[in-house]
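This report concerns only the one structure given below.
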Amino acid sequence: MNTSLNKSNEKIFITGGTQLKGNVRISGAKNAALPLMALSLIINKGFTLSNMPDLADTRLMSNLLGDLGINVSWSFGKVIFNGSPKTNEASYDLVRQMRASILVLGPLLASKGSARVPLPGGCAIGTRPIDLHVLVMEALGANVYYDSGFIIASTGPEGLKGGLINFPKVSVGATESAIMTSVLAKGKTTIQNAAQEPEIVDLAKCLISAGANISGVGTSTIVINGVEKLYSVVREIVPDRIEAGSFAIASSMTKGNIEITHIRPEDLECFLKVLKFTGSEIKIDKNSIKVISFKRSEPYDIVTEAHPGFPTDLQAQYMALMSISDGNSSIKENIFENRFMHVPELLRMGANITINNQIASIIGVKELKGSKVMASDLRASMSLILGALAASGSSEIDGIYHLDRGYEKIEDKLSNLGAIIRRSK
Ligand code: UD1
């Protein structure tokens with residue numbers, strides 16, 4: 001695995017039309033791992049995370065923390081962090097490669113009393129501002145300004161102070177910033193309109209076991225009473241619900257029979273209900289699900305929403321499924337303004353989709369046809385893989401480095417299920 005985003009011209013080749021069958025073990029969640037890793041800036045000795053997915057994004061976060069002075073050691077899915085940050089300035093070259101790098105801002109500020117973090121910039125799925133992260137720092141008493149492409153934040157001599165953080169918009173990352181930055185602030189912090197994603201609950205649970213005082217997590221109001229110190233903990237990263245959902249769709253699209261193991265089905269409740277409405281048979285067990293499909297999917301309209309609604313991170317994959325459903329459907333993207341980059345590529349495969357503002361209208365076609373396509377972002381690349389798996393003929397998918405940001409050993413996992421897939425330079 002490369003330690004930074006390798007924008008090489010690797011491609012994935014898939015010969016479609018194979019029914020996928022068997023078991024697949026889901027990895028730890030990238031979106032849970034990244035904020036947990038940032039905690040190493042405020043939990044200083046022997047902090048350990050297991051079930052760590054080996055991905056371009058987690059390796060990049062590891063490098064960023066290493067560059068800040070944390071000693072990070074990886075061994076078979078276990079990562080141990082030691083030491084405290086030695087500098088308050090995050091590397092531009094690393095931060096610019098991953099938007100989630102903004103998650104180091106709050107912990108760095110809490111640890112050093114000041115932080116200089118480059119603006120992470122936009123990305124293909126939208127402008128993705130960071131104003132809500134800045135709102136967090138200011139609500140906790142920091143002075144924040146921008147200079148030469150950096151966000152510069154500093155506290156007074158008294159350090160961070162608890163305060164009221166009332167988000168005008170629900171944000172996963174900003175809620176995580178608010179939790180991580182306020183756990184060591186003096187006094188009480190109230191976070192209103194907080195996001196409720198399972199990864200946020202997991203972050204708070206990790207902090208609670210490290211000694212933090214947090215209540216209300218998993219609801220829209222979180223209350224934190226600052227503590228003096230956090231203690232080292234060992235924590236297992238929760239399973240990746242988005243990876244699990246992607247494999248569930250792979251089963252539906254290939255009339256397959258896939259058992260998806262090492263997951264928490266409760267994190268996928270809304271998604272699994274939708275998949276059931278489309279006609280797939282779903283057997284839910286404690287830590288696994290089985291998705292069986294015998295016929296072409298039925299159309300079903302969705303709207304993406306913050307948790308517990310339908311996740312935006314499964315929208316592109318669900319669109320691939322709807323593109324071969326037996327009828328018309330619509331998908332409204334509510335979270336990001338430009339998250340339909342996969343549409344032109346699905347059209348190349350023969351899908352019939354039109355976009356009007358934030359709504360995609362899909363007329364299901366009988367089958368997709370293998371094509372040369374280009375991935376534009378992480379989840380878009382998975383939707384093209386899914387399209388190619390179900391299509392007749394062969395596909396060539398370019399821009400695969402996006403996929404490596406969030407799907408661990410994807411070719412191995414798919415070929416174990418019977419897919420004809422290979423990667424080449
Ligand atoms: C996280 C996930 C990403 C997922 C997204 C929504 C990680 C590492 N990434 O991203 O996979 O798609 O949640 O579930 O966990 N916004 C602002 N100002 C801000 C921050 C966000 O306006 O300061 C807006 C965004 O542009 C977007 C909306 O808020 O329209 C939600 O974004 P947010 O929940 O913050 O997404 P991320 O945390 O970046």
Side-chain angles (χ1 to χ4, degrees), residues 28-39 53 55-58 60-61 64 95 97-106 117 119-139 144 146 151 153 165-181 191 193-203 220 237-238 240-243 245-246 267-268 270-271 303-318 332-342 358 376-383 402-403 405-407:
K30 165 184 88 75
N31 286 356
L34 296 174
L36 285 170
M37 293 173 87
L39 289 185
L55 301 166
D57 273 13
T58 50
L60 192 72
M61 182 57 109
L64 179 57
V95 170
Q97 297 187 52
M98 181 177 70
R99 193 189 139 75
S101 306
I102 190 69
L103 293 171
V104 302
L105 175 66
V117 177
L119 289 163
C123 73
I125 64 173
T127 50
R128 303 185 79 176
I130 48 129
D131 54 318
L132 302 177
H133 296 261
V134 171
L135 179 151
V136 166
M137 308 307 139
E138 289 178 335
V144 187
Y146 299 91
I151 312 156
I165 301 169
N166 187 357
F167 286 122
K169 182 174 189 176
V170 179
S171 158
V172 174
T175 302
E176 290 165 347
S177 265
I179 295 172
M180 294 191 284
T181 315
I191 306 169
N193 205 17
Q196 301 171 33
E197 268 65 6
E199 294 77 20
I200 294 175
V201 177
D202 190 49
L203 175 72
S220 62
I237 294 169
V238 293
D240 195 321
R241 61 196 167 100
I242 305 303
E243 188 196 9
S246 304
D267 291 346
L268 282 155
C270 172
F271 167 76
V303 174
T304 63
E305 283 166 324
H307 193 76
F310 192 98
T312 174
D313 282 353
L314 282 171
Q315 180 258 105
Q317 301 89 316
Y318 184 73
K332 182 164 188 231
E333 173 55 55
N334 261 336
I335 310 292
F336 292 108
E337 76 269 26
N338 191 24
R339 204 173 202 177
F340 284 139
M341 305 282 283
H342 41 286
Q358 297 296 98
S376 55
D377 64 69
L378 168 57
R379 306 304 169 187
S381 41
M382 193 61 193
S383 82
H402 291 293
L403 195 71
R405 291 187 41 222
Y407 289 91

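Counting starts at 1 for both ligands and their atoms, following the listed order.
- Among the atoms of Ile335, some N or O lies under 3.5 angstrom from an N or O of ligand 1.
- Atoms of ligand 1 lying under 4.0 Å from at least one heavy atom of Arg339, given by number and element, are 12 (O).
- Checking Val172, Asp131, Asp377 against atom 1 (C) of ligand 1, the nearest heavy atom belongs to Val172.
- Looking at Leu34 next to ligand 1, no N or O pair under 3.5 Å apart turns up.
- With a 4.0 Å cut-off on non-hydrogen atoms, Asp313 touches ligand 1 through its side chain and not its backbone.
- Contact annotation: for Arg379 versus ligand 1, there are no heavy atoms closer than 4.0 Å.
- Summarising the geometry, atom CZ belonging to Arg405 is positioned 5.0 Å from atom CG belonging to Leu378; distances are rounded to the nearest 0.5 Å.
- Taking OG1 of Thr312 as the reference point, atom CD1 of Ile242 lies at 9.0 Å (rounded to 0.5 Å).
- Exactly one residue among Asp313, Thr304, Asn334 makes a side chain to side chain donor-acceptor pair (under 3.5 Å) with Arg339. That residue is Asp313.
- By the criterion of a heavy-atom distance under 4.0 Å, neither the backbone nor the side chain of Glu176 is placed next to ligand 1.
- Not one N or O of Glu197 is nearer than 3.5 Å to an N or O of ligand 1, by distance alone.
- Side-chain contact, His307 with Glu199: no donor N or O sits under 3.5 Å from an acceptor N or O.
- Between Pro120 and Ile130, the shortest heavy-atom distance links the atoms CG-CG2, 3.9 Å.
- Put simply, CD on Gln317 and OG on Ser381 are 8.5 Å apart, with the number rounded to the nearest 0.5 Å.
- Which parts of ligand 1 touch His133 is read off a 4.0 Å heavy-atom cut-off, strictly below it: atoms 23 (O).
- Atom CD1 in Ile335 sits 6.5 Å away from atom CD in Glu333 (nearest 0.5 Å).
- Checking only distances, Thr312 never comes within under 3.5 Å of ligand 1, N or O to N or O.
- Considering Ser171, Ala29, Pro129 only, the shortest heavy-atom separation from atom 22 (O) of ligand 1 involves Pro129.
- When non-hydrogen atoms are compared, ligand 1 lies under 4.0 Å from neither the backbone nor the side chain of His307.
- Rounding to the nearest 0.5 angstrom, the gap separating the NE2 atom in His133 from the CD1 atom in Ile151 is 8.5 Å.
- Close approach of ligand 1 to Gly173 is summarised as follows: ligand atoms under 4.0 Å from at least one heavy atom of the residue are 35 (O), 38 (O).
- Using a 4.0 Å heavy-atom cutoff, Ala174 is absent from the residues neighbouring ligand 1.
- Close contacts of ligand 1 with Ile130, meaning ligand atoms under 4.0 Å from a residue heavy atom, involve 19 (C), 23 (O).
- In this view, Arg379 satisfies the salt bridge (Lys or Arg N to Asp or Glu O under 4.0 Å) rule with no residue, not counting sequence neighbours.
- At a 4.0 Å cut-off, not a single heavy atom of Met61 sits close enough to ligand 1 to count as contact.
- Among the atoms of Phe336, none of the N or O lies under 3.5 angstrom from an N or O of ligand 1.
- Residues Glu197 and Arg241 form a side-chain contact, since some pair of their non-hydrogen atoms from C-beta on lies under 4.5 Å apart.
- Considering backbone and side-chain N/O atoms, Lys30 never comes within less than 3.5 Å of an N/O atom of ligand 1.
- For Tyr318, the ring-ring contact (aromatic ring centres under 6.0 Å, His included) partners at least two apart in sequence or on another chain are Phe310.
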